[in-house]
Amino acid sequence: MARYELVKRSVALITLTNPPVNALSSPVRHAIAKSMERALSDPKVTAVVICGENGRFCGGADIREFAGPLRGPPLIPVLDAIEAGRKPVVAAIEGVALGGGFELALVCHYRIAHSKARLGLPEVTLGILPAAGGSQRLPRLIGIPAALELITTGRHISAQEALKLGIVDQVTDQNACEMAVEFALKSVGKPLSSRRVSMLTTPCPPDLDALLEAATMQVKKKARGVMAPLACIQAVRAAATMPFSKGMKRESELMTTLFNSGQAQAFQYCFFAQRTAGKWTLPSGAQWNNSKPREIRSAAVIGLGTMGRGIVVSLARVGISVIAVESEKKLLENGRQMVIGMLERDAKRRGVSASLNLLNFTLSLQDLKDVDLVIEAVFEDMALKKRVFQELSKVCRPTTLLCTNTSGLDVDALAGVTNRPHLVAGMHFFSPAHVMKLLEVVCGPRSSSETIATAMSLGKKMGKVSVAVGNCPGFVGNRMLKPYLDQATFLLEEGATPEQIDKALEDFGFAMGVFRMSDLAGLDVGWRVRKESGLTGPDVDSKNPPRRRQGHRYCPIPDMVCEQGRFGQKTGRGWYMYDKPGDTNAKPDPLIQNLLETYRSRYGIQPRNISDQEIIERCLFVLANEGFRILEDGMAARPEDIDVIYLFGYAFPRHRGGPMFYVSMVGLERVLERLEYYHQAHPDVPHLEPSALLKKLVACGSPPVQKWREYIKTMHSHL
Ligand SMILES: CC(C)(COP(=O)(O)OP(=O)(O)OC[C@H]1O[C@@H](n2cnc3c(N)ncnc32)[C@H](O)[C@@H]1OP(=O)(O)O)[C@@H](O)C(=O)NCCC(=O)NCCSC(=O)CC(=O)CCCCCCCCCCCCC(=O)O
Ligand SMILES: NC(=O)C1=CN([C@@H]2O[C@H](COP(=O)(O)OP(=O)(O)OC[C@H]3O[C@@H](n4cnc5c(N)ncnc54)[C@H](O)[C@@H]3O)[C@@H](O)[C@H]2O)C=CC1
């Protein structure tokens with residue numbers, strides 16, 4: 001787990017050897033401690049260099065170890081011994097020095113970094129803080145403002161920025177390890193006390209309180225209800241106001257609180273869930289590690305509306321040439337200008353030049369003869385999409401992959417109108433497509449493994465978190481959204497207000513409640529979908545009993561809001577009112593209050609007081625209940641995939657881990673009991689009926705979420 005060698009006759013070279021990231025697992029900590037003892041006690045050794053195998057210094061603590069009791073030597077004494085040693089120790093940083101890896105570098109007396117290395121304290125993104133002295137040493141080395149920013153955001157920095165901040169002593173384009181050995185030899189005999197970061201005095205700004213207060217306000221606003229950044233600020237305050245040993249004690253107390261909060265577990269679950277989601281499988285046995293993706297050099301996007309524009313930007317900024325297609329000259333020109341503006345702003349933000357030369361615009365599908373892949377993003381209309389796919393099938397060369405960005409239509413029905421159903425898949429982006437990280441890759445029953453591998457790999461290339469899902473109405477994300485939205489509107493009928501429901505969800509951790517979010521997205525979108533699916537419209541309304549559609553409870557309030565031309569922020573009115581169209585500051589609207597009161601009295605509904613607990617339970621338990629059904633149906637391979645979809649596509653609060661992890665933390669037995677209770681109270685809402693999988697998991701003793709897969713015995717897995 002660490003190799004020990006003597007180089008240049010007097011330098012002990014300690015190489016961490018724990019692939020893939022040289023994490024500080026128990027055997028690695030043990031090996032470092034033993035190697036340091038050996039180096040310090042060997043009279044031949046005059047200096048020490050610590051580096052990592054395979055060009056990676058160290059990715060920090062082994063996060064998997066956080067799930068169990070601490071085994072092996074604790075990290076802090078190992079680090080303290082390095083810093084206190086009488087021989088100079090140089091860290092040779094290649095690849096990454098993150099978390100505990102960065103803290104290891106901070107106890108070395110000198111740090112040499114390769115120019116491509118990245119450094120950071122990302123603990124906050126795992127729900128903890130840098131608790132091996134990082135929160136106490138970094139402020140001593142670089143001052144409070146810079147340390148505060150790095151520790152509370154977890155941002156990775158380049159070697160060049162680290163040099164500027166005074167974190168590293170030298171940056172090299174050559175072999176960092178060899179440079180470090182040379183550096184170590186030159187350091188022999190120089191005094192070490194000023195090189196021990198724990199001995200430095202933290203440069204304390206006169207406006208410390210104001211600085212920390214501003215940071216507190218900022219993190220509270222950015223990450224509602226998340227404890228870790230606040231604990232980081234308190235730890236940095238300790239570094240500014242306490243001697244090192246007391247600061248370390250404070251760091252440890254704060255870490256213990258975070259460790260036992262439940263939030264840390266959620267964040268750490270998210271870390272691994274994100275990595276698990278990339279590991280797709282198909283019923284044929286093809287999977288991520290035995291299927292080869294095709295290289296995509298050229299693509300076409302059809303439709304330059306809300307989604308198409310963002311998809312073009314996502315492709316072009318990773319160097320793929322794109323032909324963008326519209327149906328009319330004016331729309332094409334409008335789309336062209338929008339795309340160019342978006343690409344230019346994006347390039348400016350990233351400090352690169354915009355790849356405008358990769359773009360071509362056309363009105364003719366005939367121009368798509370030679371592209372490697374097409375993404376269709378025309379209106380959500382099956383007949384139109386089928387016409388487009390038939391035409392593509394004729395025009396494109398037989399090997400071109402044909403993908404659709406439909407948000408819920410049958411991908412296999414589109415495959416069926418082409419001459420290459422195996423080359424058809426869904427690539428479901430989220431709005432705005434160049435910003436949102438999620439991509440659902442929809443695997444039709446006839447999609448080939450090469451098609452799925454290519455769509456998944458293209459998603460990764462575009463910086464997306466890609467998740468393979470089955471082909472069912474709404475796929476995974478939107479299928480789950482429907483019962484969630486239904487519950488929110490049923491609660492309105494029963495006595496809640498949009499403000500109350502939004503506040504409960506925002507207190508839970510969502511950046512925006514369901515009604516504020518709907519106002520932002522535009523209420524007309526859902527209205528159009530409801531009309532197309534026969535849920536509302538003049539004919540439908542007169543033929544159905546009030547508040548019932550297709551045999552189930554139905555809430556027409558969202559339709560009534562739209563009938564008044566209230567489409568959300570863009571019209572200045574929606575569930576809330578705004579000073580003018582386009583404004584974002586939502587204010588409660590007495591007209592909505594009126595509408596709700598009139599509605600309730602028309603249907604003889606006695607409004608009741610609804611608790612926040614009921615709001616959370618009904619909205620989120622029903623969301624997870626549909627997730628269980630999706631797992632039963634084999635439309636998602638594992639609960640982690642569903643959680644990743646909700647984290648990256650629907651801004652589910654990360655400190656709750658995602659809907660499936662959240663219900664596992666609440667306790668499946670309790671969730672089952674509450675769903676049974678609500679279903680009894682509302683028997684005409686089938687989504688409240690507990691799913692068979694939930695019942696099965698409870699009957700099996702409510703195993704942890706990571707083990708659910710073993711219980712999902714689907715008759716017909718689609719993944
Ligand atoms: C490093 C990366 C940037 C690499 O990225 P990439 O190349 O894209 O590869 P990945 O796909 O991400 O990863 C490959 C593979 O490696 C796995 N992996 C990566 N990092 C780790 C890790 N740190 N640990 C374990 N496994 C890791 C990853 O899962 C992949 O494997 P797969 O899942 O099988 O596919 C990128 O990986 C990355 O960013 N990694 C994370 C870096 C990070 O966040 N590091 C910080 C870790 S936390 C830390 O270091 C803190 C400490 O050191 C804590 C010391 C604590 C000491 C004090 C303890 C006091 C405790 C008091 C508690 C009281 C308890 C009580 O009261 O009971
Ligand atoms: N808007 C959203 O939030 C999301 C939408 N989607 C899906 O993406 C697709 C597109 O949606 P939006 O971009 O919102 O629609 P939009 O209405 O903004 O844009 C559609 C565009 O397609 C163009 N178009 C129509 N027929 C065409 C044809 N034959 N050839 C070329 N262009 C044609 C239209 O002129 C229009 O500009 C739909 O399937 C939708 O369900 C998916 C995820 C999110």
* Using a strict 4.0 Å threshold on nitrogen-to-oxygen distance, state whether Asp346 and Arg317 make a salt bridge. => yes
* Heavy-atom neighbours of Gln218 CD exceed 12 at 6.0 Å -> no
* Are any of the side-chain nitrogens in Glu450 or Lys292 under 4.0 Å away from the carboxylate oxygens of its partner? -> no
* Structure fact -> Taking every heavy atom of Gly99 against every heavy atom of Leu121, the minimum-distance pair comes out as O-CD2, 3.7 Å
* To do: Would you check if Phe57 and Glu94 make a side-chain contact, meaning some heavy-atom pair closer than 4.5 Å?
  => no
* Asked: For Lys460, does the NZ atom sit with more than 12 other heavy atoms under 6.0 Å from it, leaving out its own atoms?
  -> no
* Asked: So how far is it from Asn54 CG to Asn18 CG, rounded to the nearest 0.5 Å?
  -> 11.0 Å
* State, yes or no, whether a side-chain contact exists between Leu458 and Met427 at a heavy-atom distance under 4.5 Å. => yes
* Euclidean distance, Lys461 NZ relative to Ser466 OG, rounded to 0.5 Å -> 13.0 Å
* Would you check if the side chain of Thr418 reaches a backbone N or O of Ala415 as a donor-acceptor pair within less than 3.5 Å? => yes
* After noting the C-alpha distance and the side-chain angles of Ser448 and Thr451, does the key distance pass the side-chain hydrogen bond (donor to acceptor under 3.5 Å, both in side chains) rule? -> CA-CA 5 Å; Ser448 71; Thr451 304; 2.7 Å; yes
* Asked: Taking the side chain as C-beta and beyond, is there a heavy-atom pair between Arg297 and Ile320 under 4.5 Å?
  -> no
* To do: Indicate yes or no for a side-chain donor-acceptor contact from Tyr646 to the backbone of Gly477 under 3.5 Å, with no hydrogens or angles considered.
  => yes
* How far apart are the C-alpha atoms of Glu640 and Thr276, what are their side-chain angles, what is the distance that settles it, and do they pass the side-chain hydrogen bond (donor to acceptor under 3.5 Å, both in side chains) test? -> CA-CA 7 Å; Glu640 286 91 338; Thr276 305; 5.2 Å; no
* Val467 backbone acceptor or donor facing Trp280 side chain under 3.5 Å -> no
* Ser447 side chain to Val424 main-chain N or O, any donor-acceptor pair under 3.5 Å? -> yes
* Between Leu693, Val644, Leu631, Val663, which is the residue that forms a side-chain contact (heavy atoms from CB on, under 4.5 Å) with Pro639? -> Leu631
* Asked: Is Cys443 close to Leu719 at the side-chain level, that is, under 4.5 Å between some pair of heavy atoms?
  -> yes
* Asked: Does the side chain to side chain contact (heavy atoms under 4.5 Å, CB included) test come out yes or no for Phe430 and Glu440, once each step is laid out?
  -> CA-CA 9 Å; Phe430 286 68; Glu440 282 185 331; 4.1 Å; yes
* Quick one: CD1 on Ile375 to OG on Ser314, what's the gap to the nearest 0.5 Å? -> 8.5 Å
* Got a salt bridge between Arg629 and Asp633, using NZ or NE/NH1/NH2 to carboxylate O under 4.0 Å? -> no
* Would you say the side-chain atoms of Asn405 pair up with the backbone N or O of Glu376, donor to acceptor, closer than 3.5 Å? -> no
* To do: Compute whether any side-chain donor of one residue and acceptor of the other, for Asn478 and Tyr650, lie under 3.5 angstrom apart.
  => yes
* To do: Return yes if some donor-acceptor pair links the side-chain N/O of Arg656 with the main-chain N/O of Ala266 below 3.5 Å, else return no.
  => no
* Among Glu380, Lys385, His428, the one residue meeting side chain to side chain donor-acceptor pair (under 3.5 Å) with Thr406 -> Glu380
* Asked: Measuring from Phe66:CZ to Phe271:CZ, what's the distance to the nearest 0.5 Å?
  -> 10.5 Å
* To do: Test side chain to side chain contact (heavy atoms under 4.5 Å, CB included) on Ile233 and Val219 and set out the steps.
  => CA-CA 9 Å; Ile233 295 172; Val219 300; 3.9 Å; yes
* **Ion pair check, Arg516 and Glu506, cut-off under 4.0 Å** => yes
* To do: Indicate yes or no: at least one non-hydrogen side-chain atom of Thr125 is less than 4.5 angstrom from one of Arg654.
  => no
* Asked: Between Glu103 and Ala132, is there a donor-acceptor pair closer than 3.5 Å when you use the side chain of the first and the backbone of the second?
  -> yes
* side chain to side chain contact (heavy atoms under 4.5 Å, CB included) between Leu359 and Leu343: does it pass, once the steps are laid out? -> CA-CA 10 Å; Leu359 301 178; Leu343 259 178; 3.6 Å; yes
* Pro659 versus Met480, closest heavy-atom pair with distance -> CG-CE, 4.1 Å
* **Distance-minimising heavy-atom pair for Val514 and Ala488** => CG1-CB, 3.8 Å
* Asked: Does NZ or CZ of Arg64 lie under 6.0 Å from the centre of the six-membered ring of Phe272, at an angle within 45° of the ring axis?
  -> yes
* Do any N or O atoms from the side chain of Lys464 and from the backbone of Met436 form a donor-acceptor pair under 3.5 angstrom? -> yes
* To do: Kindly give the heavy-atom pair with the smallest separation between Val476 and Ala636, and that separation in Å.
  => CG2-CB, 4.1 Å
* Asked: Which pair of heavy atoms, one from Gly310 and one from Ala433, lies closest together, and at what distance?
  -> C-CB, 3.8 Å
* To do: Examine the side chains of Ser115 and Gln160 and answer whether a donor and an acceptor come within less than 3.5 Å of each other.
  => no
* Does one side chain, of Tyr662 or Asp643, offer a donor that lies under 3.5 Å from an acceptor on the other? -> no
* Asked: So with a 6.0 Å cut-off around CZ of Arg275, is the heavy-atom count from everything else above 12?
  -> yes
* From Thr400 OG1 over to Leu392 CG, what is the distance, rounded to the nearest 0.5 angstrom? -> 9.0 Å
* Begin from the C-alpha positions of Ser664 and Val666 and carry the test side chain to side chain contact (heavy atoms under 4.5 Å, CB included) through to its verdict. => CA-CA 6 Å; Ser664 80; Val666 171; over 6 Å; no
* Are the side chain of Asn625 and the backbone N or O of Ser691 linked by a donor-acceptor pair below 3.5 Å? -> yes
* Polar side-chain atom of Asn290 near backbone of Ala286 as donor-acceptor pair, under 3.5 Å -> no
* **Salt bridge present between Asp507 and Arg224 (N-O < 4.0 angstrom)** => yes
* **Pair Arg638 + Asp641, salt bridge at N-O below 4.0 Å** => yes
* Arg155 and Glu161 ion-paired at < 4.0 Å -> yes
* To do: Would you mind reporting whether Met307 and His434 have side-chain heavy atoms less than 4.5 Å apart?
  => no
* Below 4.5 Å, heavy atoms only, C-beta onward: do Leu668 and Leu694 meet side chain to side chain? -> yes
* **Distance (rounded to the nearest 0.5 Å) between Glu123 CD and Ile128 CD1** => 5.5 Å
* To do: Anything under 30° is parallel, anything over 60° is perpendicular, the rest tilted; go ahead and classify Phe508 against Phe652.
  => perpendicular
* **Flag side-chain contact, heavy atom, 4.5 Å: Val374 against Cys396** => yes
* Which heavy atom in Ala231 sits nearest to a heavy atom in Leu129, and how many Å separate them? -> O-CD2, 3.8 Å
* Quick one: is the NZ or CZ of Arg479 closer than 6.0 Å to the six-membered ring centre of Phe475, and within 45° of its axis? -> no
